[in-house]
Amino acid sequence: MKLTDFESKALEKIKEIPEGKVSSYKKLARAIGFPEAARAVGNALHKNPRLIRVPCHRIVKNDGSLGGYAGGAKKKTALLKKEGVRFEGGKIINFKENLYRFR
DNA sequence: GAATTGACCAGCT
DNA sequence: AAGCTGGCCAATT
């Protein structure tokens, strides 16, 4: 199954996120070139090429909430926790500090 | 090719 | 502060 340009770009951008950092769908979309395509980005990740191919668990909502995960939100939280991101009630505590900015 | 869907976002109530 | 509505985008049916 081939990926579309949009998905490819999104995945590439996500790939460059370092461990322990997170980003939002909106910012990722903006990095790609579609500042208002957060929804499309989320969708691209939802029908992920293969789970684990890209650190999609490092992408959360713009508000700091978890959002969703193809393998289960639980897994997502666990992974992030393992990487050093702290959560509280399903939301990131120092979201801003763990936020990775694309260039 | 049109309509529906979905891991979102911002604004309003 | 929490919940609802409308709006944007690409992929799928």
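Side chains are part of it too, since the values below use all heavy atoms of this structure and drop only hydrogens, waters and symmetry mates. Proteins come first, then strands; the chains are lettered A, B, ... in the order of their sequence lines, and each starts at number 1.
Listed by residue number, A:Tyr25, A:Lys26 are the residues of residues 19-36 of chain A with a heavy-atom contact under 4.0 Å to DNA chain B. Contacts of residues 85-101 of chain A with DNA chain B (heavy atom under 4.0 Å): none.
For residues 11-44 of chain A, the set of pairs meeting the ring pair (Phe, Tyr, Trp, His ring centres under 6.0 Å) definition, not counting sequence neighbours, comprises A:Phe6-A:Phe34. Applying the salt bridge (Lys or Arg N to Asp or Glu O under 4.0 Å) test to every pair with at least one member in residues 56-66 of chain A, sequence neighbours left out, gives these pairs: A:Arg58-A:Glu83. For residues 8-22 of chain A, every residue pair satisfying the side chain to side chain donor-acceptor pair (under 3.5 Å) rule, not counting sequence neighbours, is listed here: A:Glu12-A:Lys15, A:Glu16-A:Tyr100. The stretch residues 86-97 of chain A participates, sequence neighbours left out, in these side chain to side chain donor-acceptor pair (under 3.5 Å) pairs: A:Asn94-A:Asn98.
Across all strands, A:Ala40 comes closer than 4.0 Å to base atoms (heavy-atom distances).
Apart from A:Leu99 itself, the hydrophobic cluster it occupies contains A:Val22, A:Val60, A:Leu66, A:Leu80, A:Val85, A:Phe87, A:Ile92, A:Phe95, where clustering links Ile, Leu, Val, Met, Phe, Trp and Tyr at side-chain heavy-atom distances under 4.5 Å.
Distance check, rounded to the nearest 0.5 Å: OH of A:Tyr69 to CG of A:Leu45 gives 10.0 Å. Distance check: A:Leu28 CG to A:Asn62 CG gives 11.5 Å after rounding to the nearest 0.5 Å.
When DNA chain B is scanned in the 5' to 3' direction for atoms under 4.0 Å from non-hydrogen atoms of chain A, the outermost contacting nucleotides are B:dG6 to B:dA10.
Although no hydrogens or angles enter the test, the distance criterion places a donor-acceptor pair under 3.5 Å between the side chain of A:Lys76 and the main chain of A:Ile59.
Contact check, A:Thr4 against C:dA11: a side-chain N or O comes under 4.0 Å of OP1 or OP2.
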Under 3.5 Å, side-chain donor or acceptor atoms of residues 35-44 of chain A against the rest of the protein: list the pairs with distances, not counting sequence neighbours.
residue	atom	partner	partner atom	Å
A:Asn43	OD1	A:Lys47	NZ	3.3

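Mapping A:Asn43 and A:Ala38 onto DNA chain B via the closest heavy atom, the residue that lands nearer the 5' end is A:Asn43.
Taking hydrophobic clusters as Ile, Leu, Val, Met, Phe, Trp and Tyr residues chained together by side-chain heavy-atom distances below 4.5 Å, A:Leu79 does not share a cluster with A:Ile93.
Taking atom CG of A:Asn62 as the reference point, atom C1' of C:dC8 lies 14 Å away to the nearest angstrom.
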